[in-house]
Amino acid sequence: MKRNIKELISQMTLEEKAGMCSGLDFWHLKGVERLVIPSVMVSDGPHGLRKQEEGGDHLGINDSIKAVCFPPAVLSACSFDRDLMHEFGDAIGREAQANDLSVVLGPAVNIKRSPLCGRNFEYYSEDPYLAGETAAAFINGVQEHHVGTSIKHFAANNQEFNRMSCSSDADERTLREIYFPAFETAVKKAQPYTVMCSYNRINGTFASENPWLLTEVLRDEWGFKGYVMSDWGAVNERVPGLKAGLELEMPSSGGVYDKEIIAAVKDGSLDEAILDQAVERILNIVFEYTDHRETQEFTLEADHALAKKIATESMVLLKNDSVLPLKETEKVAFIGEFAKKPRFQGGGSSHINSFRISNVIDSISPDATVRYAKGFSADDDVYDETLAKEALETAKCADKVVVFAGLPDSFESEGYDRSHMCLPGCQNRLIEEILSVQSEVIIVLHNGSPVEMPWLSKVKGVLEAYLGGQAVGEAVADLLYGRACPCGKLAESMPYKLSDNPSHLSFGDGENVRYQEGIFVGYRYYDAKEMPVAFPFGYGLSYTTFAYDHLRMDKSDITNSDMVKVSVDVTNTGDVEGKEIVQLYVGDLTDAARRPVRELKGYEKVSLLPGETKTVNFTLDYRSFAWYNEAIHDWYAASGDYEILIGASSRDLRLSGKIHLTSQRTLPYKVHMNTTLGELLTDQRTAGYVEDFKKKLSTIFAAPSADGRRDEDVAITEEMNTAMVACMPLRNVVSYGFCSKEELLEMIDKMNGR
Ligand code: BGC
């Protein structure tokens with residue numbers, strides 16, 4: 001149906017239009033009955049529906065409908081699988097249609113700046129490329145059903161402490177390279193119907209009233225077409241917010257801010273056209289949904305099966321010293337209450353009322369020989385002598401022991417950050433005690449963000465189940481017993497200890513959080529520092545092995561507009577079927593700017609039978625090589641060589657090649673009295689002007705000739721001479737008497753093209 005929304009808006013009163021720009025209640029937008037504008041519902045969330053029929057809240061306190069809790073983002077991102085994320089989105093879209101939800105409030109793509117952020121379990125990655133690709137696939141899946149998504153929280157919302165008022169203070173390059181691209185990719189590849197602005201300020205300005213963020217960057221540059229809604233209660237000043245590009249305030253503020261909008265239109269401080277435009281953007285999305293209602297027949301059962309598939313394809317096998325998979329003939333001890341009561345989701349607004357939860361004990365084959373001992377409670381950190389004793393007895397009598405460890409609910413949630421990266425002390429203590437009576441120990445982890453693993457070198461196996469969604473038990477059982485082959489890889493680095501993390505000295509600050517590590521987040525930092533980590537980004541084991549061979553590129557010399565095709569052959573060299581996540585990283589060898597050693601610019605997941613080989617293809621474009629140059633406020637790749645690295649993780653790079661890029665873009669320059677000779681000499685546009693000064697200075701700084709040389713003159717080298725000249729500011733040529741100040745100023749004008 002073709003609607004004339006502009007015409008409809010022309011029939012609305014000022015009050016009705018202002019009313020459209022805020023919620024009716026906690027979850028609904030307002031409708032206008034006389035104009036047949038329906039009131040639609042939005043609902044959390046990113047990994048399942050939290051539809052509240054009554055008693056709305058944004059903290060997961062009151063009940064919501066029975067639904068499927070799919071794996072939270074922390075786990076699903078480890079699938080590195082666009083098709084699977086699309087299938088995930090498709091299920092959410094179908095469920096939303098069946099439950100009459102016009103928009104689901106997700107995905108959440110904030111970058112994991114620190115392992116401590118209480119909401120990391122809701123976020124995909126420390127890497128913006130992976131987060132963006134994952135989000136785009138999910139959004140496309142949902143929106144195929146004409147149900148909107150709300151990609152959140154835009155932007156730089158990376159901690160929970162003071163999240164509603166603190167300012168994330170970062171330079172533009174850092175925002176553009178690290179904190180924005182997941183949103184940018186999603187907008188460009190999937191056009192989410194809505195964007196949810198974050199609570200925090202960015203460099204002092206609230207996201208909810210930031211015209212640069214919400215209009216210049218989001219709409220004008222990236223081409224966003226939907227509407228922006230506020231996070232729940234993120235509005236600071238409504239009229240500046242509306243002007244900045246915040247169309248919808250959520251939830252309802254009881255009409256308080258609608259009145260401010262009306263008053264501003266009446267007194268002329270708000271152009272009514274801005275209000276009309278906001279209403280138009282909201283109504284476009286409302287009708288996109290209501291005009292395309294689908295009769296969806298989804299079953300919770302089928303979606304539970306999908307939740308299991310996503311979990312199985314995402315869990316990460318971190319260590320395996322020939323201890324896994326388990327055999328049904330082995331006597332195995334399962335220790336830890338998480339085996340019975342798995343932690344599979346986090347607290348807060350994403351909390352799902354799961355219709356079923358599977359635990360590992362109920363999911364193993366009836367033929368398997370497993371004895372369970374509780375060992376410790378899944379809810380707190382209390383060492384219980386009786387439970388520990390029983391666990392040790394059970395461990396002694398078994399062939400192998402699997403400890404189901406993890407973080408209790410109270411350790412991580414929306415609303416607050418962790419203060420340390422440790423498992424409960426009672427769990428670490430029991431693991432050590434088990435290790436003293438049993439050598440075959442495997443740890444299964446249930447956590448929303450990395451934990452320190454003090455026992456890592458002593459255990460034989462570690463399976464990172466993260467928060468696995470409601471089918472967690474089935475997925476873990478299949479992976480432990482080899483009914484499925486592990487194929488997830490880490491979407492974040494796991495440092496040995498908290499203080500290794502680059503944000504350690506500023507994370508969790510109160511009013512102004514300085515993002516002083518800049519672009520060096522996650523592996524970008526650990527690699528630049530050559531720092532050992534417990535497990536690197538992109539890492540994950542399998543029950544089979546893969547060989548990489550025959551890297552080829554269709555071009556070795558490119559310019560800005562070229563696309564490069566990169567291909568590699570991957571072979572399953574083991575004896576079980578498996579999936580490999582092939583990763584492509586680009587390293588800048590030009591030395592034109594300080595950059596990470598390498599950055600992820602492509603990945604593909606490929607399924608291989610034993611002995612099978614497949615060719616994996618990637619396409620790189622200019623952006624794959626570029627960094628954000630603040631001087632031109634644009635992406636820029638300098639001329640020179642770039643390394644193409646293909647591997648199984650960020651630190652397991654198997655093949656490499658080189659590409660030469662000739663940039664067609666010249667950077668603007670402005671010469672002044674303190675521009676260095678070095679800068680001028682390396683730029684062909686200015687070198688000619690200063691060659692003469694260079695020669696004269698070189699003579700002055702040159703070492704005395706052999707006969708007049710004193711012992712201390714050995715320090716005066718050619719290298720020193722070159723460095724001294726290069727660092728000399730232009731103004732010094734006057735003090736050395738090479739020219740007058742007037743002559744120099746005239747030359748500067750010429751260099752500047754005046
Ligand atoms: C969260 C959002 C959520 C909203 C509604 C807020 O507290 O930050 O992610 O969508 O509540 O529940």
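Every number for a ligand or one of its atoms is a count from 1 in the order of the listing.
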Option set Asn157, Asp231, Val104, criterion heavy-atom distance to atom 6 (C) of ligand 1, minimum: Asp231
Quick one: do Glu517 and Arg524 make a salt bridge, cutoff under 4.0 Å? no
Which option, Asp44, Val42, Leu105, owns the non-hydrogen atom nearest atom 3 (C) of ligand 1? Asp44
Is the closest heavy atom of His153 to ligand 1 under 4.0 Å? yes
Only residue of Phe138, Phe88, Phe344 satisfying ring pair (Phe, Tyr, Trp, His ring centres under 6.0 Å) with Phe70 is Phe88
Using heavy atoms and a threshold below 4.0 Å, how should the contact between Arg119 and ligand 1 be classified: side chain, backbone, both, or neither? side chain
Within-shell test, Arg163 vs ligand 1, heavy atom, strictly < 4.0 Å: yes
Less than 4.0 Å between a side-chain N and a carboxylate O, is that true for Asp258 and Lys30? yes
Applying a heavy-atom cut-off of 4.0 Å, say which part of His351 lies close to ligand 1: side chain, backbone, both or neither. neither
By ring pair (Phe, Tyr, Trp, His ring centres under 6.0 Å) - contacts of Tyr515 (at least two apart): Tyr179
Among all residues two or more places apart in sequence or in another chain, which pass the ring pair (Phe, Tyr, Trp, His ring centres under 6.0 Å) test with His28? none
Quick one: does Trp27 get an N or O within less than 3.5 Å of an N or O on ligand 1? no
Do NZ/NE/NH1/NH2 and the carboxylate oxygens of Glu414 and Arg119 come within less than 4.0 Å? yes
